[in-house]
Amino acid sequence: MTADAPRWSPVAPADRPRKTRRAVRVILSDEAGRVLLFQDSDPGLDPADPAARWWMTPGGGIDSEETLSQTAVRELREETGLVLAEDELVGPIARRTVRHGYSDQITEQTEWFFLVTVPHFVLDLGGHTEDEQLTVLRHHWWDVSALGATRETVWPTDILAVQALGDRPDRWPVDLGTVEESSVPL
């Protein structure tokens, strides 16, 4: 993506279309405990604006007829190239409703979180959608201490607390309530 060629222009906040969906997110760790995150962006904003980019976990929308775990496995395969069986996932450990305000739309989604730890691997990004190819800027395996100390935006903002829920299966799925994570506030 180049700074002078955004794919879409910002829409006035009151005029942004609204979309509702169900989704899964996967906190994917390697054997060293590093967490994989993608840096996503809002191409309707100035790339120099810190609100124009954030880090996020792999995951995405649930297709009709899919279970939560089927969606998690599909999304990991598409976004990372990793092929897993459903029984390798831990969870769902938590759920929340999140409202994302972007320059072109507002998305409200119910998200279900899974955990999985795998040996370190090299990602295959060939399954990214056209939109992901446009907006996803890079990926990084984050050391947990660096993730806890970063001043960069990470969604979910409480990712380490969500990850820690893996130690409390008696509480799954934990209801995390409703939050807003936006590049353009609602």
Show me the donor-acceptor pairs, under 3.5 Å and distance only, between side chains in residues 54-65 and residues at least two apart or in other chains.
residue: Trp55; atom: NE1; partner: Glu152; partner atom: OE1; Å: 2.7
residue: Thr57; atom: OG1; partner: Arg25; partner atom: NE; Å: 3.1

Mind checking whether Val116 and Leu68 sit in one hydrophobic cluster, side chains of I, L, V, M, F, W, Y counted as touching below 4.5 Å?
yes
Distance-only donor-acceptor pairs under 3.5 Å for side chains of residues 173-186, two or more places apart:
residue: Asp175; atom: OD1; partner: Gly177; partner atom: N; Å: 2.8
residue: Glu180; atom: OE2; partner: Ser182; partner atom: OG; Å: 2.8
residue: Glu180; atom: OE2; partner: Leu186; partner atom: N; Å: 3.0
residue: Glu181; atom: OE1; partner: Arg96; partner atom: NH2; Å: 2.8
residue: Glu181; atom: OE2; partner: Arg96; partner atom: NH1; Å: 3.0
residue: Glu181; atom: OE2; partner: Thr157; partner atom: N; Å: 3.1
residue: Ser182; atom: OG; partner: Gly101; partner atom: N; Å: 2.7
residue: Ser183; atom: OG; partner: Asp42; partner atom: OD2; Å: 2.6
residue: Ser183; atom: OG; partner: Gly101; partner atom: O; Å: 3.3

One pair to check against side chain to side chain contact (heavy atoms under 4.5 Å, CB included): Gln109 and Arg22. What are the steps and the verdict?
CA-CA 5 Å; Gln109 62 188 28; Arg22 293 174 5 127; over 6 Å; no
Output the distance between atom OG1 (Thr71) and atom CG (Leu89), rounded to the nearest 0.5 Å.
10.5 Å
Across all chains, not counting sequence neighbours, the side-chain contact (heavy atoms from CB on, under 4.5 Å) partners of Ala32 are Asp30, Arg34
Taking CZ in Arg18 as the centre, count heavy atoms belonging to other residues, nucleotides or ligands within less than 6.0 Å. Is the count above 12?
no
Please name all residues satisfying side-chain contact (heavy atoms from CB on, under 4.5 Å) with Asp143, sequence neighbours left out, ordered by chain then number.
Ser145, Ala146
Taking the side chain as everything from C-beta on, heavy atoms only, tell me whether Leu115 gets closer than 4.5 Å to Ser29.
no
Polar side-chain atom of Gln70 near backbone of Thr67 as donor-acceptor pair, under 3.5 Å:
yes
Pairs involving residues 23-47, ordered by first then second residue, that meet ring-ring contact (aromatic ring centres under 6.0 Å, His included) (sequence neighbours left out):
Phe38-His128
Residues two or more places apart in sequence or in another chain: which of them pass salt bridge (charged side-chain N to carboxylate O under 4.0 Å, His left out) with Glu108?
Arg99
With a 4.5 Å heavy-atom cut-off, do Thr107 and Tyr102 have their side chains touching?
yes
Could you tell me whether the side chain of His120 reaches within less than 4.5 Å of the side chain of Glu31, counting heavy atoms only?
yes
Just do the side chain to side chain contact (heavy atoms under 4.5 Å, CB included) check on Thr80 and Glu75 with the steps written out, would you?
CA-CA 8 Å; Thr80 71; Glu75 287 288 337; over 6 Å; no
Side-chain heavy atoms nearer than 4.5 Å, only ILVMFWY residues, links allowed to pass through others: does that put Val136 and Ile159 together?
no
Linked, directly or transitively: Leu76 and Ile27 (ILVMFWY side chains, under 4.5 Å)
no
Quick one: pull up CZ in Arg53 and OG in Ser41 and give me the separation to the nearest 0.5 Å.
9.0 Å
Listed partners of Asp170 passing side-chain hydrogen bond (donor to acceptor under 3.5 Å, both in side chains), at least two apart:
Arg168
Do you know the tightest heavy-atom contact between Ser103 and Gly44?
OG-CA, 3.3 Å
Side chain to side chain contact (heavy atoms under 4.5 Å, CB included) assessment of Leu36 paired with Leu123
CA-CA 10 Å; Leu36 176 69; Leu123 274 65; 3.8 Å; yes
Among all residues two or more places apart in sequence or in another chain, which pass the side-chain contact (heavy atoms from CB on, under 4.5 Å) test with Ala85?
Asp87, Glu88
Donor-acceptor contact below 3.5 Å, side chain Gln163 vs main chain Leu160:
no
My understanding is that only residues two or more places apart in sequence, or in another chain, count here; which of them pass side-chain contact (heavy atoms from CB on, under 4.5 Å) with Trp172?
Val90, Ile93, Pro169
Can you list everything that forms a salt bridge (charged side-chain N to carboxylate O under 4.0 Å, His left out) with Asp124? Sequence neighbours excluded, please.
none
Considering all heavy atoms of both residues, which atom of Val26 and which atom of Ala72 are nearest to each other, and what is their separation?
CG2-CB, 3.8 Å
Does any part of the side chain of Val144, heavy atoms only, come nearer than 4.5 Å to the side chain of Trp142, both counted from C-beta?
no
By ring pair (Phe, Tyr, Trp, His ring centres under 6.0 Å) - contacts of His139 (at least two apart):
none
I'd like to check Leu147 versus Leu37 (side-chain heavy atoms, cut-off strictly below 4.5 Å). Are they in contact?
yes
Given Val24 and Phe113, is the side chain to side chain contact (heavy atoms under 4.5 Å, CB included) satisfied, shown in steps?
CA-CA 6 Å; Val24 299; Phe113 287 89; over 6 Å; no
Do Leu125 and Phe121 land in one hydrophobic cluster if side-chain heavy atoms of ILVMFWY residues count as linked below 4.5 Å?
yes
Is any side-chain heavy atom of Ile106 closer than 4.5 Å to one of Lys19?
no
Using a 4.5 Å cut-off on heavy atoms from C-beta on, say whether the side chain of His140 contacts that of Gln39.
no
Under a 4.5 Å cut-off applied to non-hydrogen side-chain atoms, are Leu82 and Leu28 in contact?
yes
Holding to salt bridge (charged side-chain N to carboxylate O under 4.0 Å, His left out), I want the full list of residues that pass it with Asp15, two or more places apart in sequence or in another chain.
none
